[in-house]
Amino acid sequence: KNSKETENIHPSMNLEIDFGLDSLSRAEVFAALEQGFNTEFDGDEAAQALTVGDTIKLVQAHVGEDVTGEEITTDLNWGKIVREATADFPEVRGVLKNRPIFRGFAFSVYKVFNLFCRGFMRLEVANIDELHKMKRPFLICPNHQSFLDPFVLTSNYTFEVFRHTFHVGASHFFQSGFMQWVAKMLSVVPIDPDTQLMKAMKAGAVGLKNGKVLNIYPEGERAFDGELHDFKKGAAILATELDLPILPVALDGLHKVWARGSGKIRPAKVKIRFGKPFYAKDIYSAEMSDEEKYDAVTRHLRQVIEAMIEEMRR
């Protein structure tokens, strides 16, 4: 933008060090640029753009003109992005396909795994009737303690929920042939929210608008200490803009089974508790701005999950 605020910005300034952008803020900057210039960046391109100069070059490469003097609006309009999302990129098509034989096979594997969890982890599941009462589409929002979370959690689903459930996961975890197979078993859309936030949000919206169930972890990363970390607002945006219910889920003990940074899996007590579903519109007030609405829903979701974890630990 052309303003006095940008006069002292040098191309060599680092987005994280000099501007103090965390991963979410950085992702939002690139999402705003994508929206402002009506383009989409490749995940690797965005990840390698570390400075202001790198970012300018990235935009120039996509727009094809000198943009350094242009004034653009970089305020993210998540409502427009989410509501207008369509299934026009290949990563989502696999999730939308009807594959009854493969899904039946995957469900059988997960049920066998669930038996393992019942013994090795002494798995205890409470209030799962809340899940059984849900009508698609909706969002399932658990806290995140381990790589095992999606496997353990979804192994408790009925076939009807399981075959319609999908995840949006960091693409760098699914590079090898084996992990690509795992992605299919979990119905993962491999997009990295840290570098392709707008694309990740569109993927979630497309699946939900096609009657699917989105498993989304608001923390965005595993909690190495078993405590709740800051929640990101992706789930709140989708639930608010698409007017869909959120089913909160509390997980506890999985950080002890497979701790972050550890290569060992150990037996430990694991508990899962399903909470009461809620609509975003029941949390925020009409006079709030969009950002205030997202913050209110995100804060409420975290409080609900925190209360369930505390109850499980008594």
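Values below: every heavy atom of this structure, side chains too, minus hydrogens, waters and symmetry copies.
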Item to complete: Take Met121 and Leu148 through the side chain to side chain contact (heavy atoms under 4.5 Å, CB included) test and state the conclusion after the steps.
Response: CA-CA 11 Å; Met121 304 177 192; Leu148 292 173; 4.1 Å; yes
Whether [X] side chain and [Y] backbone form a donor-acceptor pair below 3.5 Å:
X      : Y      : answer
Arg302 : Leu228 : yes
Lys256 : Ala268 : no
His167 : Pro150 : no
Arg273 : Ala250 : no
Lys271 : Leu123 : no
Gln145 : Gly253 : yes

Around atom [atom1] of [X], are there more than 12 heavy atoms from other residues, nucleotides or ligands closer than 6.0 Å?
X      : atom1 : value
Lys209 : NZ    : yes
Lys276 : NZ    : no
Lys269 : NZ    : yes
Lys133 : NZ    : yes
Asp230 : CG    : no

Can you measure from [atom1] ([X]) to [atom2] ([Y]) and round to the nearest 0.5 angstrom?
X      : Y      : atom1 : atom2 : value
Lys184 : Phe105 : NZ    : CZ    : 12.5 Å
Ile309 : Glu306 : CD1   : CD    : 7.5 Å
Leu242 : Phe138 : CG    : CZ    : 14.5 Å
Asp252 : Arg313 : CG    : CZ    : 4.0 Å
Cys141 : Ile305 : SG    : CD1   : 6.5 Å
Ile272 : Leu254 : CD1   : CG    : 6.5 Å

Discussion item. Classify the ring geometry of Tyr110 against Phe151: parallel below 30°, tilted from 30° to 60°, perpendicular beyond 60°.
Written reply: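 Rings of Tyr110 and Phe151: parallel, as their planes differ by under 30°.
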Nearest atoms (heavy-atom pairs only) where [X] meets [Y]:
X      : Y      : answer
Ala236 : Thr298 : CB-OG1, 3.3 Å
Gly204 : Leu238 : C-CD2, 4.3 Å
Tyr157 : Leu131 : CD2-CD2, 3.5 Å
Ser187 : Val95  : O-CG2, 4.0 Å
Leu247 : Glu130 : CD1-CB, 4.1 Å

Worksheet entry | Single-linkage hydrophobic cluster Tyr279~Val304, side-chain heavy atoms < 4.5 angstrom | no
Worksheet item: In the single-linkage hydrophobic clustering (I, L, V, M, F, W, Y; side-chain heavy atoms under 4.5 Å), do Leu115 and Val152 co-cluster?
Response: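 In one cluster: no.
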Worksheet item: Between Tyr284 and Thr240, is a side chain to side chain contact (heavy atoms under 4.5 Å, CB included) present by the stated rule, with each step listed?
Response: CA-CA 9 Å; Tyr284 60 75; Thr240 299; 3.8 Å; yes
Worksheet entry | Stepwise side chain to side chain contact (heavy atoms under 4.5 Å, CB included) test for Val168 and Ile216 | CA-CA 7 Å; Val168 177; Ile216 180 170; over 6 Å; no
[X] versus [Y]: any side-chain heavy-atom pair under 4.5 Å?
X      : Y      : answer
Leu301 : Pro218 : yes
Leu96  : Arg93  : no
Phe102 : Met185 : yes
Asp129 : Phe274 : no
Glu160 : Arg136 : yes
Glu227 : Asn143 : no
Met134 : Ile140 : no

Worksheet item: Does the side chain of Ser285 come under 3.5 Å of the side chain of Glu287 through a donor N or O and an acceptor N or O?
Response: yes
Fill in: Pair Tyr294-Glu241, side-chain donor/acceptor within less than 3.5 Å
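Present: a donor and an acceptor within the cut-off.
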Worksheet item: In a check of salt bridge (Lys or Arg N to Asp or Glu O under 4.0 Å) between Lys233 and each of Glu292, Glu291, Glu219, which one passes?
Response: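 Only one of Glu292, Glu291, Glu219 forms a salt bridge (Lys or Arg N to Asp or Glu O under 4.0 Å) with Lys233, namely Glu291.
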Fill in: Worked verdict on Tyr217 versus Leu153 for side chain to side chain contact (heavy atoms under 4.5 Å, CB included)
CA-CA 12 Å; Tyr217 296 84; Leu153 179 59; 4.3 Å; yes
